[in-house]
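Accompanying notes for the structure given below.
For reference, positions follow the sequence shown, starting with 1.
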Amino acid sequence: MPLDAPPADRDSAADRFARSVSWSGWLAALALAVCAVVHFPLERGDGTLRMHAFALGLSVLCTVLALLLALRPVALVLAGAVLVPTVLAGAQTYGNSFPSASLLRAVDLALAPPWLAAGVAVCAALLALVALVFRVLAPVAARQWATAPASEAHGMAE
């Protein structure tokens, strides 16, 4: 084995980390798509057209974030993917303490019951947070597992 070749365990660790970054983005995109479906405004209650449009906008925002994550999971999109479901889950869970009643009424129009919509939003936010952490740590891990330059390897061997 040449001195400048990295050990096999470093290559496999870097490959495993790269796969984790990829899978975490896909899982977050899938969770956001499910979050968009459960927050889709289907109920025709006493909500106005404006409330339905607002609720539809929140659902579409989750869908757009899911598509962006599937295409290119950059840190800014992942940050939005953490923020939007967190706001939705907070509105479902702590709706009465929010100063904006329009957000509470908009999430009340969701397709799923409030406990399910909040749970899906929490899962989507957590998966997006994990994907964000992996994405931020990827360059650090790549530098850590990078091979040493050939001159350093020869210096250590002597």
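- Separation of atoms CG (L61) and CG (L83) is listed at 9.0 Å; rounding is to 0.5 Å.
- Side-chain heavy atoms closer than 4.5 Å link hydrophobic residues (I, L, V, M, F, W, Y) into clusters, and following such links, even through other members, never connects L67 to W23.
- Residue P85 comes nearest to G80 through the heavy atom pair CD-O, 4.1 Å, listed as atom of the first residue, atom of the second, then distance.
- Contact record, A112 with A117: CB-N, 4.3 Å, taken as the closest heavy-atom pair.
- Closest approach of A75 to L132, counting heavy atoms only: O-CD1, 3.6 Å.
- Linking ILVMFWY residues whenever their side-chain heavy atoms come closer than 4.5 Å, directly or via other members, places L58 and F40 in the same cluster.
- Considering every non-hydrogen atom in both L69 and G25, the closest pair reads CB-O, 4.3 Å.
- Every residue two or more places apart in sequence or in another chain that forms a side chain to side chain contact (heavy atoms under 4.5 Å, CB included) with V64 is listed here: V60, L68.
- The hydrophobic cluster around L116 extends to V34, V38, W115, V120, counting ILVMFWY residues whose side-chain heavy atoms fall within less than 4.5 Å of a member.
- In the hydrophobic clustering of ILVMFWY residues, with side-chain heavy atoms under 4.5 Å counting as a link, L127 and L32 come out apart.
- Note that CG of L49 and CZ of F54 are 14.0 Å apart. Values are rounded to the nearest 0.5 Å.
- Nearest heavy atom pair, residue V77 against residue L65, reads O-CD2, 4.0 Å.
- With values rounded to the nearest 0.5 angstrom, H39 atom NE2 is found 4.5 Å from L88 atom CG.
- Using modelled atom types, one side-chain atom of T63 and one backbone atom of S59 make a donor-acceptor pair closer than 3.5 Å.
- There is a path of hydrophobic side-chain contacts, each under 4.5 Å, that joins V87 to L56.
- For the pair L78 and A128, the tightest heavy-atom approach, listed with the atom from each and the gap, is CD2-O, 4.0 Å.
- Here the side chains of V130 and L126 are not in contact, with every heavy-atom distance at 4.5 Å or above.
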